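Below is one structure; the comments refer to it alone.
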There are 2 protein chains.
Amino acid sequence: MGKAADTRLIILQKAFELIYRNGYQATSIDVIIATTQVTKGAFYYHFKSKEEMGLAIIKEVMYPGMAAAMIEPLMDGTDVPGKIYRMMEGLLLDNPFFDVRYGCPAINLIEEMSPLSQSFKSALTQLVVRWQHAIEHVLTLAQQSGTIRPDLSPRQIALFVITGYGGVRNMGKVFGQNCYKDFLAELKRYLQKLA
Amino acid sequence: MGKAADTRLIILQKAFELIYRNGYQATSIDVIIATTQVTKGAFYYHFKSKEEMGLAIIKEVMYPGMAAAMIEPLMDGTDVPGKIYRMMEGLLLDNPFFDVRYGCPAINLIEEMSPLSQSFKSALTQLVVRWQHAIEHVLTLAQQSGTIRPDLSPRQIALFVITGYGGVRNMGKVFGQNCYKDFLAELKRYLQKLA
DNA sequence: GAAAAAACATACCACATAGTATCTTTATGG
DNA sequence: CCATAAAGATACTATGTGGTATGTTTTTTC
């Protein structure tokens, strides 16, 4: 990797962490360049505005990250409710980067920026839609192979799972880690009843 | 009501709306006093800081509001799953103040401020705990009267319902009103299976 | 190895921010 | 009706903000 591409990536990653912990609007360019040791000139050479940097974070940091944690775990294996459950468990309990106090970077950004910026909203909608479609897809396959009931709506179930995730990330901020366990227990019960 | 108490209330209500739409940190004192036509001197006579105003909004505007919309609908009647469902439906579809684009004021504030301020976190935890206890309470009663299964955990179910709410408010920001309907349909299915 | 472009550095600007100091007006109790 | 305190108005400050102008250094290209 060239040195220029390297500083660009440093900015994206550090800014991602700062925004994750403090919010997009509360993260100033000045603290980003302070923590990255990158000067303002370098910053504005790589990004023409703060918004452009924010969108790059979504597309270049969050898209790949969510694919790894939210979609790949659904790929192989046949026990669909089990796969969905373990994907959720992995997200909530095993991911070493996520902190219960700060929730989920994607959910945080949706919450803060969707109403304020159409560009952010579009990029974040993409992200959620991909996840929903992945869940919906494995549910449809399970329905075709007869492991979950045919009268259920995969799209509806996928949405329900996703809303549960978004909500428990929110509740975790006030209740702490304990509510992750309770949520997972009830999610498991819910998923088992799909059969 | 005295004139002084009146301006205090005006500030709380207008600031509540502004924060609901734009977030707490993005809502400046200057725009609050501009939209309320209250001078800065008057503002700082009633609140010693922005944080004190924020906490007053939670306690004096949000507590009563949530009691009316989230707890009272659970009070009378016997069909507990039905009451929980209608409470949720009322919140999502009937409440004329809430706007799908801006989500839920309480959820927004939890998302933004819980990690940043212990005072906000405490006040907001109170709010959520009260709701959870109210739901848990009616579920326990239903369990005692035998209308829902005895092996289920009311606390766990209450948390699951609340997380669903928080999540769908989040998803509404990207998906719009449609996902409210889908969520409600799946919630109804989930609640009926508690019997 | 020099010209050209890419990458970075520094100093600055206009504006917004929360909060304060100091004043004037309005209500209230005797 | 007057003294006193409550309520409100105005001007100001220190700091932070995103962004720019204008430089210097480093890398590429021929």
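Quantities reported herein were computed from a predicted structural model and do not represent experimental measurements. Note on naming: letters A, B, ... go to the chains in the order of the sequence lines (proteins, then strands), and numbering restarts at 1 for each one.
Of the candidates D:dG18, D:dA9, C:dA18, D:dG18 carries the atom nearest the A:Ser28 side chain, counting heavy atoms from C-beta on.
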Polar atoms only, N or O, under 3.5 Å: list the protein pairs with nucleotides 27-29 of chain D and their distances.
none

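Across A:Tyr85, A:Trp131, A:Phe183, a single residue satisfies ring-ring contact (aromatic ring centres under 6.0 Å, His included) together with A:Tyr165, and that is A:Trp131.
Atom pair A:Ile10:CD1 and C:dA7:P shows a separation of 16 Å (rounding to whole Å applied). Regarding B:Asp6, its CG atom lies at a distance of 16 Å from the C1' atom of D:dA6, rounded to whole Å. Rounded to whole Å, atom C1' of C:dT10 lies 11 Å from atom CD1 of A:Ile33. Atom CD of B:Gln37 and atom C1' of D:dG8 are 14 Å apart (whole Å). Here C:dT17 presents its P atom at 12 Å from CG of B:Leu18, a figure rounded to the nearest Å. Separating the CD atom of B:Gln25 from the P atom of C:dA16 is a distance of 19 Å, rounded to the nearest angstrom. Per the geometry, CG belonging to B:Asp30 stands 13 Å off C1' belonging to D:dT10, to the nearest Å.
Using a 4.0 Å cut-off between a side-chain N of Lys or Arg and a carboxylate O of Asp or Glu, A:Glu89 and A:Arg86 do not qualify as a salt bridge. Salt bridge status for A:Lys40 with A:Asp30: present, with a side-chain N to carboxylate O gap under 4.0 Å.
Of the N and O atoms on the side chains of B:Arg169 and B:Tyr102, not one donor lies less than 3.5 Å from an acceptor on the other residue. Side chains of A:Ser122 and A:Gln118: a donor on one and an acceptor on the other come within 3.5 Å.
Ring planes of A:Phe16 and A:Tyr20: parallel class, angle under 30° (limits at 30 and 60°).
Not one N or O on the side chain of B:Asn95 forms a donor-acceptor pair closer than 3.5 Å with the backbone of B:Ala69.
Between the side chain of B:Lys40 and the base of D:dG8, no donor-acceptor pair of N or O atoms lies under 3.5 Å.
For residues 43-61 of chain A, proximity to DNA chain C is found at A:Tyr45, A:His46, defined as any non-hydrogen atom under 4.0 angstrom from a strand atom.
A cation-pi arrangement, defined by a distance under 6.0 Å to the six-membered ring centre and an angle within 45 degrees of its axis, is absent between A:Lys50 and A:Tyr44. Under the 6.0 Å distance and 45° angle rule, B:Arg155 does not count as a cation-pi partner of B:Phe160.
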